[in-house]
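Worth knowing before you read on, the calculation uses all heavy atoms, side chains too, and leaves out hydrogens, waters and symmetry mates. To find a chain, count down the sequence lines: A is the first, B the second, and so on, and within it residues start at 1. Keep in mind the model is a prediction, meaning the values are calculated, not measured.
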Amino acid sequence: MLQDLLILMRAELMLILIIFLLLFLKLGSASLRNETVMNMVNGLLLVVLALGFLVKDSGMIFGNMFRTDDLLRLEKNMLTLGTLIISLQSYQWLKKHDQAMEFYLLMLSTLLGMFFMLSAANLLMFYLGLELSTIPLAAMVNFDFNKKQSSEAGFKMIVSSAFASGLLLFGISWLYGTTGTIDFSGLAASLDGSPLQLFAFITLVAGFGFKISAVPFHLWTADVYEGAPVPVTSYLSVISKGAVLFVFTSVLYSVFHAMGTVWYNMIFIIAVATMITGNLFALRQDNLKRFLAFSSIAQVGFMLVGISGQSREGAAALIFFVLIYIFSNLAAFGVITLVSSASGRERISDYRGFYQSNPALTWILAIALFSLAGIPPTAGFFGKFFLILAGAGKGNWLLITIAALNMIISLYYYLRIIKAMFMEHNASPLAKVDIPFSPRIALAICVAGILITGLYSGAYQYIYQLLS
Amino acid sequence: MVSISHILLLSTALFFIGMYGLFTRRNMIAMLMSIELILNSININFVAFNKYLWPGRLDGIFFTIFIITIAAAEAAIAIAIIINLYRSQLSIDAEDATELKY
């Protein structure tokens, strides 16, 4: 039993150890320099990542509330890698911050919550993981204490996420009432599609929709992304969204398998609305963080197209796309973090003539944007290709046509930034930004990830083979 | 004898009252209170289902206890954020938090 616990939960236990270590260091009034804390946490996160790759095993513990297998471990490793990249990127910002240790406490708590949420085999465990991963996030959003924007964003985040979890719980309570069980396997066996269960399912999807910011539940996204500090924005848009998408897919595919046609229609409408709204609003943004917020809404729309495929290909394409999305979005956010902490500028118009002063960063941002737009040599193309291919499996050509048209619209706004950086001449461009060691590694990992997953298809094959 | 439909009527009404309050109240503390109403209506749901329909196991009661705990954590963070916001804008009216808009 103890051995099972130690092996199956090793990543979670390691994270808990790090959290307590930080807590005791903080309480023990040891005056560590921020750099020391950051290097220590980065090293320990690397250990978590390595532990995830070590032993292969699967099983269930805690009275079948916690399950783990190779696929879940892969997903957790992706999230850990993303967190590590963000932690490396936030070096410049965190170095000057007084509360670096608290920042890591909150960030690792949310990561722990996501791990538990992914591993949940029971609605109670799932709910606890979800809350552990959202409540500290609201505190992280409010981490620029003396900026009003940041507190405002934090308030919007906590209210909308509390409302979303209220909706989710309302759905869960009705599901419990109609089936008498909160185990995923028990639920899957006893769902019969009665009207009450449909109602419960709709509120459940609404709750999920808030967390992944699908239209019509997306209104908080842009405000929160703009107000939060840049590293937190990247964490929100990549890691927390990715984790909820993984769980959403597995819940739809395994628990609500019996209600396939119902949720296909819902996902169809939500996907179309999400893609169109995200794209149209992204067209008119000038703040880069806001722009990336709407672009990430549009990307969620594409992911929903993949989910709607209801096949093994659909799940594999989603996981593959989230991997690519981690690399591309974090590369873009890495550049923005560096520029924002050096000069405080976040508008697209500030980036005019960026190539004159920072050729290397311009290229990184350009590769990231090409990947987000889905242009062939980069990984984003294959990600979107597999998503749309999976969506086409159902033979709904309307959905595929709309998705393809939206990809073309999205090219316009991604290329607009690239044009501003490369082609427009600016008499006084942004000053040269120097890249310290840690962000340099993070950006290198991201660019390598974008190019390697683009040119080598092993990752998709591997994920596909894990989904049995 | 109170039947389960009475209790469910109460909890559903409470849920939508909370939702209405969340959408119409402009005072941040009142919005938080509305969220508490929503969560409490769910607690009533769970306890009622557990008692009337599935008395054999304690799943519903456990869920309720965890919801109460988490609601407290949520309120703690939310109030901390509201205090922080109050420091910069000297009011807790949601209409005054207008820095982030389209």
Side-chain angles (χ1 to χ4, degrees), chain A residues 106 122-125 127-128 130-132 134-139 141-142 145-163 165-183 186 203 220 222-227 281 284-285 287 290, chain B residues 4 8 11-12 15 18-19 22-23 28 31-32 34-39 41-50 52-54 56-57 59-60 62-67 69-71 73-89 92 94 96-102:
Chain A
L106 293 171
N122 179 299
L123 283 170
L124 178 56
M125 194 68 163
Y127 170 67
L128 291 177
L130 186 75
E131 289 297 320
L132 183 54
T134 42
I135 296 178
L137 259 181
V141 169
N142 189 10
F145 298 115
N146 37 22
K147 271 197 201 152
K148 186 186 161 194
Q149 273 198 346
S150 185
S151 322
E152 199 182 313
F155 181 72
K156 281 179 180 163
M157 168 95 193
I158 189 90
V159 167
S160 50
S161 71
F163 179 58
S165 46
L167 281 175
L168 194 86
L169 278 174
F170 196 61
I172 291 176
S173 75
W174 284 101
L175 281 180
Y176 172 66
T178 49
T179 60
T181 175
I182 52 173
D183 281 334
T203 54
W220 59 278
D223 290 357
V224 172
Y225 283 21
E226 187 185 347
F281 278 94
R284 56 185 286 265
Q285 301 304 326
N287 183 302
R290 245 189 135 76
Chain B
I4 186 167
L8 292 184
S11 74
T12 313
F15 182 85
M19 210 160 160
L22 182 64
F23 291 156
M28 289 176 179
M31 287 164 89
L32 266 192
S34 310
I35 289 174
E36 295 295 317
L37 271 190
I38 291 179
L39 292 176
S41 82
I42 294 156
N43 287 339
I44 296 175
N45 251 354
F46 270 115
V47 173
F49 284 137
N50 199 23
Y52 284 87
L53 297 180
W54 316 102
R57 297 174 63 197
D59 288 339
F62 285 150
F63 225 118
T64 308
I65 292 170
F66 278 107
I67 293 173
T69 320
I70 284 178
E74 212 152 37
I77 296 272
I79 288 174
I81 291 173
I82 293 174
I83 291 173
N84 215 332
L85 197 55
Y86 180 76
R87 286 205 185 122
S88 51
Q89 71 177 23
I92 52 166
D96 294 338
T98 51
E99 290 224 339
L100 301 165
K101 280 206 273 199
Y102 291 121

> If I measure from the heavy atoms of chain A, does B/Tyr86 come under 4.5 Å with its side chain, its backbone, both, or neither?
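Neither the backbone nor the side chain of B/Tyr86 comes within 4.5 Å of chain A.
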> Please classify the contact of A/Thr179 with chain B as side chain, backbone, both or neither, using a heavy-atom distance under 4.5 Å.
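Contact with chain B: backbone only.
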> When only pairs under 4.5 Å are counted, which of B/Ile67, B/Ile82, B/Ile35 shares the most heavy-atom pairs with chain A?
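The option with the most such pairs is B/Ile67.
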> Without hydrogens or angle criteria, can the side chains of B/Asn45 and B/Ser11 be said to hold a donor-acceptor pair below 3.5 Å?
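Side-chain D/A pair, B/Asn45 to B/Ser11: present.
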> Which residues satisfy the side-chain hydrogen bond (donor to acceptor under 3.5 Å, both in side chains) test with A/Lys147, sequence neighbours excluded?
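Partners of A/Lys147 by the side-chain hydrogen bond (donor to acceptor under 3.5 Å, both in side chains) criterion come out as none, since no residue qualifies.
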> Side chain from CB out, backbone as N, CA, C, O: work out which of these in A/Leu123 comes under 4.5 Å of a heavy atom of chain B, or both, or neither.
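Contact with chain B is through both the backbone and side chain of A/Leu123.
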> Check whether B/Phe15 gets within reach of chain A through its side chain, its backbone, both or neither, counting any heavy atom under 4.5 Å.
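The answer is the side chain of B/Phe15.
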> With chain B as the partner, which of A/Ile158, A/Leu167, A/Thr178 has the greatest number of non-hydrogen pairs under 4.5 Å?
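Option with the greatest count: A/Ile158.
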> When the aromatic ring centroids of A/Tyr127 and B/Phe66 are compared, is their separation below 6.0 Å?
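When the ring centroids of A/Tyr127 and B/Phe66 are compared, they turn out to be at least 6.0 Å apart.
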> Go through the atoms of B/Asn50 and report whether side chain, backbone, both or neither lie under 4.5 Å from a heavy atom of chain A.
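Both the backbone and the side chain of B/Asn50 come within 4.5 Å of chain A.
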> Heavy atoms only, distances under 4.5 angstrom: which of A/Gly166, A/Gly180, A/Gly227, A/Pro136 has the most pairs with chain B? Name it, please.
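Heavy-atom pairs under 4.5 Å are most numerous for A/Gly180.
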> Let me know if A/Gln149 has heavy atoms under 4.5 Å from chain B in its side chain, its backbone, both or neither.
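Backbone plus side chain of A/Gln149, per the 4.5 Å heavy-atom cut-off to chain B.
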> Could I get the full list of salt bridge (Lys or Arg N to Asp or Glu O under 4.0 Å) partners for B/Arg57, not counting sequence neighbours?
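Once residues adjacent in sequence are excluded, the partners of B/Arg57 under the salt bridge (Lys or Arg N to Asp or Glu O under 4.0 Å) criterion are B/Asp59.
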> Quick check: B/Phe63 with A/Tyr176 (ring centres under 6.0 Å apart)?
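Aromatic pair excluded; centres sit 6.0 Å or further apart.
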> So what's closer than 4.5 Å to chain A heavy atoms on B/Ile70: side chain, backbone, both or neither?
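Contact with chain A is through both the backbone and side chain of B/Ile70.
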> Above 12 or not: heavy atoms from other molecules or residues under 6.0 Å from CZ of A/Phe145?
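Check passes, neighbour count above 12.
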> Would B/Phe49 and B/Ile4 satisfy side-chain contact (heavy atoms from CB on, under 4.5 Å), going step by step from the backbone distance to the final call?
CA-CA 8 Å; B/Phe49 284 137; B/Ile4 186 167; 4.0 Å; yes
> Counting only heavy atoms closer than 4.5 Å, note whether B/Leu8 contacts chain A via side chain, backbone, both or neither.
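Contact with chain A: side chain only.
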> Report the C-alpha separation of B/Met28 and B/Leu85 in whole Å, then their side-chain angles, then the decisive distance to 0.1 Å, and conclude whether the side-chain contact (heavy atoms from CB on, under 4.5 Å) test is met.
CA-CA 10 Å; B/Met28 289 176 179; B/Leu85 197 55; 3.2 Å; yes
